[in-house]
Amino acid sequence: VQRRTAVDAGAGETGKSRSPMIDTAFMITSFVTLFVIIDPIGLTPIFLALTQGMTASERRGVAIRASLTATFILALFTLFGEAVLAFVGISMPAFRVAGGALLFLTALDMLFERRTKRREHQGEEATEVEDPSVFPISIPLIAGPGSIATVILLAGQKPGIEGFALVMSIVLAVLSLMLVMFLVSGVLERLLGKTGINVVTRLLGMLLAALSVQFILDGLRAFGFAAG
């Protein structure tokens, strides 16, 4: 009896030790996915162009307002996105396949630089606006279709309040890193240069392509179309 109790206790400890590993793997994958989707490195030169002529304090204010607005929008979709999908009759596996396809198209845009050109065009449309923090920096450059679909997918993998807190911690980590890059955008642009930013963007695009295929496979597996 004592031996069985010790075995059971050991199994319990093993289960407890495995749980954090699963959460750690989820957090790493989620952080990489959201970081690649938002692409702070690619956004930095666009942020510089949109805030050209501003003082350091004005540029800092734009960066903080854009980050706070994007955080609020992504938090809303993290909290209520799955409920909205259920209301309109869309299952999470179906949304996972559709979201994976959307992320794959984003990856192709990153690989062939179409995404950068589109973002620059959106920036040019807002040159007459004094404060670009809400449009176009926050919406759609940060909180766009890709990042919104990503937080809904991640929240679907970890339902409940604990999952919301986990996803939001990842969102805050990515947006905090993006804010730091915005604040040191001048130094970062001189350090990497246009060629360096293009290389990093294409590498991140390849990584996003692989992650998006995994999302699609997970959705198909839930429908029984893919082997486990």
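Here the structure is a predicted model, which is why all the values come from computation and not from measurement.
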Under 4.5 Å between side-chain heavy atoms, hopping through other hydrophobics if needed: is there a path connecting Leu76 to Phe87?
yes
Handout entry: Check: Phe31 and Leu177 side chains under 4.5 Å, non-hydrogen atoms
Key = yes
- request: Group every Ile, Leu, Val, Met, Phe, Trp and Tyr by side-chain heavy-atom contacts under 4.5 Å, then state whether Val151 and Phe80 land in the same group.
  value: yes
Between Ala143 and Ser147, the two heavy atoms sitting closest are CA-OG, 3.3 Å
Main-chain N/O of Thr55 paired with Glu58 side-chain donor or acceptor, under 3.5 Å | yes
Q.
Applying a strict under-4.5 Å side-chain criterion to I, L, V, M, F, W and Y, I'd like to know whether Phe72 and Ile170 cluster together.
A. yes
- Message: Is there a path of hydrophobic side-chain contacts, each under 4.5 Å between heavy atoms of I/L/V/M/F/W/Y residues, joining Leu154 to Leu172?
- Response: no
Closest non-hydrogen contact found for Ala75 with Phe164 is O-CE1, 3.7 Å
**Prompt:** Quick check: are there more than 12 heavy atoms from other residues, nucleotides or ligands sitting under 6.0 Å from CZ of Phe77?
**Reply:** no
By side-chain contact (heavy atoms from CB on, under 4.5 Å), Ile139 pairs with (sequence neighbours left out) Ile73
*Does Met181 reach the side chain of Ile41, with side-chain heavy atoms less than 4.5 Å apart?*
yes
Quiz prompt | Ser169 side-chain N/O to Leu166 backbone N/O, donor-acceptor pair under 3.5 Å | solution = yes
Which of Leu175, Asp39, Val171 passes side-chain contact (heavy atoms from CB on, under 4.5 Å) with Leu34? Answer is Val171
Tell me whether the rings of Phe223 and Phe225 are parallel (<30°), tilted (30 to 60°) or perpendicular (>60°). tilted
Rounding to 0.5 Å, atoms OG1 (Thr33) and CD (Gln214) come to a distance of 10.0 Å
For Leu102 and Ala149 the tightest heavy-atom approach is CD2-CB, 4.1 Å
Residue pairs passing the side-chain hydrogen bond (donor to acceptor under 3.5 Å, both in side chains) test with at least one member in residues 71-85, sequence neighbours excluded, are none
> Is any side-chain heavy atom of Met92 less than 4.5 Å from a side-chain heavy atom of Pro159?
Replying inline: no
Self-check item: Within-4.5 Å side-chain heavy-atom neighbours: Leu211 and Leu103
Solution: no
### Task
Could you check Ile38 against Met178 for side-chain contact (heavy atoms from CB on, under 4.5 Å), going step by step and ending with a plain yes or no?
CA-CA 9 Å; Ile38 295 178; Met178 180 201 68; 4.2 Å; yes
Below 4.5 Å, heavy atoms only, C-beta onward: do Ile28 and Thr24 meet side chain to side chain?
yes
Minimal heavy-atom distance between Thr44 and Ser185, with the atoms involved, is CG2-CB, 3.4 Å
Check: Do Arg65 and Val134 come close enough that some side-chain heavy atom pair is under 4.5 Å?
Finding: no
Correct closest heavy-atom pair for Phe215 and Gly100 would be CB-CA, 3.9 Å
Rounded to the nearest 0.5 angstrom, the CG-CD1 distance for Leu79 and Ile152 is 11.5 Å
Residue set satisfying side-chain contact (heavy atoms from CB on, under 4.5 Å) with Arg60, at least two apart, ordered chain then number -> Ala56, Ser57, Ile64, Leu183
Is there side-chain contact between Asp23 and Lys158, with heavy atoms separated by less than 4.5 Å? yes
Taking it one step at a time, do Phe182 and Ile137 satisfy side-chain contact (heavy atoms from CB on, under 4.5 Å)? CA-CA 11 Å; Phe182 280 178; Ile137 296 178; 4.2 Å; yes
Closest heavy-atom pair, Ile142 versus Ala70, reported as atoms and distance to 0.1 Å, is CG2-CB, 3.5 Å
query = Does any N or O in the side chain of Thr29 come within less than 3.5 Å of the main-chain N or O of Phe26, such that one atom is a donor and the other an acceptor?
reply = no
Is Thr51 reaching over with its side chain to a backbone N or O of Arg59, donor-acceptor style, under 3.5 angstrom? no
Output yes when a side-chain donor or acceptor of Ser30 lies under 3.5 Å from a complementary backbone atom of Met27, and no otherwise. no
ILVMFWY network linking Ile90 to Leu153, side-chain heavy atoms under 4.5 angstrom
yes
Rounded to the nearest 0.5 angstrom, the CG-CD distance for Asp218 and Gln157 is 6.5 Å
